[in-house]
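A quick write-up on the structure given underneath.
Reckoned from all heavy atoms, side chains included, excluding hydrogens, waters and symmetry mates. For ligands, and for the atoms within them, numbers begin at 1 and follow the listed sequence.
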Amino acid sequence: MAGFVLKNATIATMAGGVPAYGLIENAAMVAEDGKIVWVGADADLPAHLQSLPQEDLEGRLVTPALIDCHTHIVAGGNRAREFEMRLEGASYEEIARAGGGIVSTVRATRQADEDTLLASALARVDHLIAEGVSTVEIKSGYGLDMETELRMLSTARAIATQRDIRVRTSFLGAHAVPAEYKDQPDAYIDEVCIPALEAAHAQGLADAVDGFCEGIAFTPAQIERVFVKARALGLPVKLHAEQLSNLGGAVLAARYDALSADHLEYLDEAGVVAMKDAGCVAVMLPGAFYTLRETQMPPIDLFRKHHVPMAVATDCNPGSSPVTSLLLSMNMACTLFRMTPEEALAGATREAAWALGLPDSGTIETGKLAELAVWNVAHPAELSYRIGYNPLARRIVGDLS
Ligand code: DI6
Ligand code: FE
């Protein structure tokens, strides 16, 4: 693989600390063999690197490529009709009782073959790529039987063969209790979830293990059984926690050294401290907050006070967050959660990389992977400021092309 120089750029390295955004004006950077080998002022570009192919960016902004660290982008069907029903006055519970809600996505996903799942997921993934996303996390959890959970994960893996994007998979068998195990969540965990996790691991389909710890899903004790198995298999864990109530999910996740705990609207300070001590990233999902018209804010000030890193992701799913724009999610993180534009961009780059256990990604620093987004904007705050506007000039992954 060749090398290249980008010059006459504004580079937001997102390396942390000062200056804000790690901003370097009149900047250049050099990549070789897919890695960043030099970043600094144009004027300081070393002579021995000047023979590489150069591109003049005419002052454009360069950031790390974006990372969407929480999606359910592989799923069958859609729930637009339920959206209409809710606007006509039906409650989420009424819709669920009438066979809608998450159960309807499970039904549609079980009925879809891999080609169908792949085609619908690629259409959504293409939206992310067009916004400069280089890495997407994708969960199972709409199969809730062995065969469909594995099909979801192999579809997720297939995405990386069809597009120039890195995929990290999370096994989410503990997402909901399927109809055939109604009122028997423990039997579901023992008879389906754990055997499916073992099979996913044996087939190399799971990079991490997730769960949904909530009154409408699984208790901490049930989730812990899944985490014990994950640990035995050597897989890292993460958790949907404190989205609708505080069951102590984040504390549980921290005890298992989770990469992240996600949602967290109902988290308290003890949970924040536990996350800090465990190095657990807080993943903010403002698309779900918006769609569900939630009013309880995640404890942003406590995350700041205790220095818990905050990531931002789309939570792209057919029910609670039909969002395929990470830029819009960054805007919502600012407007709805009062995160700063710098926190939002860090959340979709550096902190998202940590939430996926990818220390080689997420910032523009020597030694990191050359995964870059070039934008037609002058200042990085514009990325979170605009609504429904995509200023991407180009995405660079590995090499110029
Ligand atoms: N939290 C959510 O908001 C979604 N899953 C989860 O664990 C809901 C998924 C759906 O309604 O399809
Ligand atoms: Fe989710």
**Asked** Between the side chains of Arg79 and Thr105, is a donor N or O closer than 3.5 angstrom to an acceptor N or O?
**Response** yes
**Request:** Tell me, with the steps shown, if Glu55 and Lys7 meet salt bridge (Lys or Arg N to Asp or Glu O under 4.0 Å).
**Result:** CA-CA 6 Å; Glu55 183 161 322; Lys7 53 190 271 192; over 6 Å; no
**Message:** What I want to check is whether the side chains of Thr13 and Glu365 have a donor and an acceptor closer together than 3.5 Å.
**Reply:** no
**Request:** With rounding to the nearest 0.5 Å, note down the distance linking CG in Asn376 to OH in Tyr389.
**Result:** 6.5 Å
Please list every donor-acceptor pair under 3.5 Å in which a side-chain atom of residues 247-258 meets a protein atom from a residue at least two apart or in another chain.
{"from": "Arg255", "atom 1": "NH1", "to": "Glu224", "atom 2": "OE2", "distance (Å)": "3.4"}
{"from": "Tyr256", "atom 1": "OH", "to": "Glu224", "atom 2": "OE2", "distance (Å)": "2.6"}

**Asked** Quick one: which of Ile129, Leu345, Val136 gives a side-chain contact (heavy atoms from CB on, under 4.5 Å) with Leu66?
**Response** Leu345
**Asked** Do the side chain of Ser384 and the main chain of Ala381 share a donor and acceptor less than 3.5 angstrom apart?
**Response** no
**Message:** Looking only at side-chain N and O atoms, does Thr71 offer a donor or acceptor that is under 3.5 Å from a partner on Glu137?
**Reply:** no
**Request:** Could you list all the ring pair (Phe, Tyr, Trp, His ring centres under 6.0 Å) pairs where at least one residue sits in residues 259-283, not counting sequence neighbours?
**Result:** His70-His263, His240-His263
Between ligand 1 and the protein, give all atom pairs where both partners are nitrogen or oxygen and the distance is under 3.5 Å, as lines of names plus distance to 0.1 Å.
{"from": "ligand 1", "atom 1": "1 (N)", "to": "Gln243", "atom 2": "OE1", "distance (Å)": "3.0"}
{"from": "ligand 1", "atom 1": "3 (O)", "to": "Gln243", "atom 2": "OE1", "distance (Å)": "3.4"}
{"from": "ligand 1", "atom 1": "3 (O)", "to": "Gln243", "atom 2": "NE2", "distance (Å)": "2.9"}
{"from": "ligand 1", "atom 1": "3 (O)", "to": "Ser320", "atom 2": "OG", "distance (Å)": "2.6"}
{"from": "ligand 1", "atom 1": "5 (N)", "to": "His175", "atom 2": "NE2", "distance (Å)": "2.8"}
{"from": "ligand 1", "atom 1": "7 (O)", "to": "His175", "atom 2": "NE2", "distance (Å)": "3.2"}
{"from": "ligand 1", "atom 1": "11 (O)", "to": "Arg79", "atom 2": "NH2", "distance (Å)": "2.8"}
{"from": "ligand 1", "atom 1": "11 (O)", "to": "Tyr92", "atom 2": "OH", "distance (Å)": "3.3"}
{"from": "ligand 1", "atom 1": "12 (O)", "to": "Arg79", "atom 2": "NH1", "distance (Å)": "2.9"}
{"from": "ligand 1", "atom 1": "12 (O)", "to": "Arg79", "atom 2": "NH2", "distance (Å)": "3.4"}
{"from": "ligand 1", "atom 1": "12 (O)", "to": "Tyr142", "atom 2": "OH", "distance (Å)": "2.7"}

**Prompt:** Which atoms of the protein, restricted to N, O or S, are nearer than 2.8 Å to the Fe ion (ligand 2)?
**Reply:** His70 NE2, His72 NE2, His240 NE2, Asp315 OD1
